[in-house]
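Residue numbers run from 1 in the order of the sequence given.
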Amino acid sequence: MVHPEMYNPNDSSCLAVLTQERLLRLFKKDPQLSFDCIIVDEAHEMLDNNNRSQTLANVIIVAQKRNPKVAFKFLTPFLADSTNLKARYTTYDIEGFKVSEYIKTEKYFLYDLRNYTGLKLYDQFLKKYIPISDNQNFDFEEDVVKAYSAGKNIIYLNKPTDIEKFALTLADVFPEVESELIQTACDSISEYLQPQYNLLTCLRKGIIYHHGSVPDVIRIYIECLYKNDDAIRYVITSSTLLSGINLPAERMFILDNKRGRSNLSHDSFMNLVGRVCRFSEIFNHENGNLYRLEPQIYLVFGKYFAQNANGEKFLHKVAKVEQNYKDAVDNVLLSEAKITSDNEEKLRQASEFIENYENGVVEDYQERYISTAAGKACIMNGITEFDVFAHEATIQQRVDAYQSESLKISNSNTLLETINELFIQHLPDNGAENLKRLEKKEARNFYSMMFEWRVKNKSYAEMINLFVGYWQQLYKKDRNATIYVGKWGDVKYPGSNVARYTKIDGKNRTQLVNLAIVRIKEEQDFIDNTLIKYVEVLHDLSLIEDGFYAQIKYGTDDERTICLIKNGLSLSSATLLIKKYRELFQIDVPASTVVYSKNLVTEMRKAEENQIQIYEVQSCM
């Protein structure tokens, strides 16, 4: 499920694969929805102290409230005590089942580029380093990767900026590969996005990169390409690989010791190295190899590691064979989390939210209840960026005024101005930086423009051109113009300690195109994951015209196209099918179902449609 609307309430049963955020929105959409069984993969992540972990606990609490007999199955390779997965305000019991195996044992190598000590083998059982003399001395990460790589390799880096930088650097040391699949893929991606996309330069050298700012449809497409084409030998990726993505690989090169702002933990490290030499590859009857039971992991201690890092100590800490490992239970919504003066307020707020979302969850509840329609809409749509309880009366007064004026939002400018007037002013000074940007008229104009592009069904390639043109117009007005680019920034805005901006001056079209590609993806994610919650609130309060609401959510108000989107297609592919292949599928809009002809993909290939869209349609059939 890529959005809650894919759920069809007409179905008698449902099997869904989805994130906790989408499940929470799905519970809101259908107050009667309940599940018989919920399987939580990478369940150890629920122990962490972050919003996603808390949201996961929230959906577990709601799921049991709606069906006390629901069966939870928690899957994780990293847990000392299974009872630590018990959520507050629930009654389920946990019975642990653990498999301990040493069938596969990693061989760890450290190549120290900083201290010029060459290659060492780390024995995680004896906890010592063994120098290896292979008469190879290197100065750069790309040389180490080239020297020790196998047929399929995963290269880990933390920052998307470093991933793309190193991918281009690595591409410089390899010749172009000969592959019809790669050539077709390059043509398709070039048409879908722009020919200046850096990924194309890398792909022609047998390299792909994979991070959260790569457009989803491209990321899924190149994952498939990597699996099916031996000419693609390298995938350079971030911690997105930790989220259950399985790619065939024999060796791994770890060039960075960070995950986000923290060091890779023992669990994250072991989860990462477990992505190479999967059992399905080792015991494959066609090309399996028992030597892969000793996967080779290379830690390259160089410029991408933190300045104060120690390569040997880091590897010793994360790769050691744990004997007395203890879980760190930091999520306040878990029963075993210790509540102190430092986190008791966080628990109060979390309990307040979940009780107001699903009444009756918290026994002997003594805190605040929402008292207005506006406040209830905010809670049900997951608004947590400001204190809803403190400001709901003010928001409701303004909503009443809008309703008395029969306001029905029908354009992007009014939408952004209304969101600003109702919500943005209540944001605290020390949080929600992305949303606080909407206090500025220029930012509201920008997102109004983004919404208009969605309403007008602009393709990704068109949006890239519009982005670049927008920046060039800013530059014409002001030669010193800076633009917000988030994590891709190299200029600090006054009063900020983090570089979130960059100057347009000095950047050629290729640089601007690549900035546009990642920024469009990130801005679309911001709209879909954050701004859309406020749009939903306004819709729940009957302040948006239904047709405009549909265009904002789907990019169209055509019911047939929306039905295709609800069944898993992107807007561009859904529009293509409606326009050119209408006779090759049947749509039942009231039932929200689609039945495709088995000849559809064949006809798309005959018409030489873009391979990305063919792959997407094929995946949905």
Side-chain angles (χ1 to χ4, degrees), residues 1-19 21-33 192 215-217 220-221 381 410 451-460 462-463 524-525 527-529 532-533 535-536 538-540 542 544-605 607 609-610 612-621:
M1 293 186 67
V2 294
H3 51 74
E5 286 70 22
M6 287 180 70
Y7 165 65
N8 187 350
N10 298 314
D11 288 340
S12 60
S13 62
C14 167
L15 182 126
V17 180
L18 72 174
T19 65
E21 292 84 5
R22 292 189 180 111
L23 180 52
L24 193 65
R25 289 165 66 180
L26 190 55
F27 276 142
K28 175 256 178 181
K29 180 185 168 105
D30 186 350
Q32 303 305 315
L33 178 65
Y192 195 88
D216 289 338
V217 66
I220 295 169
Y221 178 62
N381 285 288
S410 60
F451 276 124
E452 282 300 314
W453 293 351
R454 182 177 293 208
V455 168
K456 293 177 181 177
N457 192 5
K458 296 292 185 184
S459 69
Y460 219 114
E462 288 177 308
M463 287 191 288
Q524 287 180 332
D525 285 347
I527 289 172
D528 291 336
N529 298 328
I532 201 68
K533 295 188 298 183
V535 174
E536 295 283 7
L538 295 176
H539 185 255
D540 290 348
S542 302
I544 300 182
E545 284 187 355
D546 289 340
F548 180 65
Y549 171 72
Q551 289 176 321
I552 286 293
K553 289 201 72 172
Y554 305 109
T556 178
D557 57 2
D558 179 77
E559 291 184 338
R560 300 170 305 164
T561 307
I562 291 173
C563 187
L564 288 171
I565 293 170
K566 286 182 177 180
N567 279 272
L569 288 179
S570 66
L571 174 59
S572 61
S573 294
T575 303
L576 174 68
L577 293 194
I578 291 290
K579 184 178 179 180
K580 297 179 63 174
Y581 300 94
R582 184 62 192 86
E583 72 282 1
L584 292 173
F585 60 92
Q586 295 178 338
I587 294 180
D588 186 337
V589 171
S592 193
T593 59
V594 183
V595 178
Y596 298 99
S597 165
K598 61 182 180 181
N599 298 321
L600 174 57
V601 169
T602 301
E603 292 302 315
M604 291 181 73
R605 286 189 175 129
E609 301 291 358
N610 191 294
I612 296 169
Q613 292 180 298
I614 293 175
Y615 175 74
E616 185 183 1
V617 170
Q618 192 171 15
S619 299
C620 290
M621 292 178 67

Pairing donors with acceptors under 3.5 angstrom, does anything connect the side chains of [X] and [Y]?
X: Glu536; Y: Tyr549; answer: yes
X: Thr575; Y: Asn457; answer: yes
X: Ser570; Y: Glu616; answer: yes

For the pair Lys28 and Asp540, find out whether any cationic side-chain nitrogen is under 4.0 Å from an anionic carboxylate oxygen. yes
Could you go through Arg582 and Arg560, starting from their C-alpha distance and side-chain angles, then the distance that decides it, and tell me whether this counts as side chain to side chain contact (heavy atoms under 4.5 Å, CB included)? CA-CA 10 Å; Arg582 184 62 192 86; Arg560 300 170 305 164; 4.0 Å; yes
Sorted by chain and residue number, the salt bridge (charged side-chain N to carboxylate O under 4.0 Å, His left out) partners of Glu609 (sequence neighbours excluded) come out as Lys580
Nearest-0.5 Å distance that lies between atom [atom1] in [X] and atom [atom2] in [Y]:
X: Glu603; Y: Leu600; atom1: CD; atom2: CG; result: 8.5 Å
X: Thr556; Y: Ile565; atom1: OG1; atom2: CD1; result: 6.5 Å
X: Asp558; Y: Leu564; atom1: CG; atom2: CG; result: 9.0 Å
X: Ile552; Y: Ile532; atom1: CD1; atom2: CD1; result: 7.0 Å
X: Leu569; Y: Ser619; atom1: CG; atom2: OG; result: 9.5 Å
X: Tyr596; Y: Phe585; atom1: OH; atom2: CZ; result: 7.5 Å

Cation-pi, Phe27 ring and Arg25 (6.0 angstrom, 45 degrees): no
Identify the two heavy atoms, one from Tyr192 and one from Ser572, that lie closest to each other, and give their separation to 0.1 Å. OH-OG, 3.4 Å
Which heavy atom of Val594 sits nearest a heavy atom of Ile587, and at what distance? CG2-CG1, 4.4 Å
Can you find a pair of side-chain heavy atoms, one from [X] and one from [Y], that are under 4.5 Å apart?
X: Tyr581; Y: Ser597; answer: no
X: Val217; Y: Tyr460; answer: no
X: Asn567; Y: Cys620; answer: no
X: Cys563; Y: Thr561; answer: no
X: His539; Y: Asp546; answer: yes

Determine, stepwise, if the pair Ile612 / Ile614 fulfils side chain to side chain contact (heavy atoms under 4.5 Å, CB included). CA-CA 5 Å; Ile612 296 169; Ile614 293 175; over 6 Å; no
Decide side chain to side chain contact (heavy atoms under 4.5 Å, CB included) for Leu576 and Met604; before the verdict, give the C-alpha distance in whole Å, the side-chain angles of both, and the deciding distance to 0.1 Å. CA-CA 10 Å; Leu576 174 68; Met604 291 181 73; 3.9 Å; yes
Run the numbers on Asp528 and Arg454 for salt bridge (Lys or Arg N to Asp or Glu O under 4.0 Å), then give the verdict. CA-CA 12 Å; Asp528 291 336; Arg454 182 177 293 208; 2.9 Å; yes
Is it the case that more than 12 heavy atoms not belonging to Glu452 sit under 6.0 Å from its CD atom? yes
Could you walk me through whether Lys566 and Tyr554 pass the side chain to side chain contact (heavy atoms under 4.5 Å, CB included) test, one step at a time? CA-CA 9 Å; Lys566 286 182 177 180; Tyr554 305 109; 3.5 Å; yes
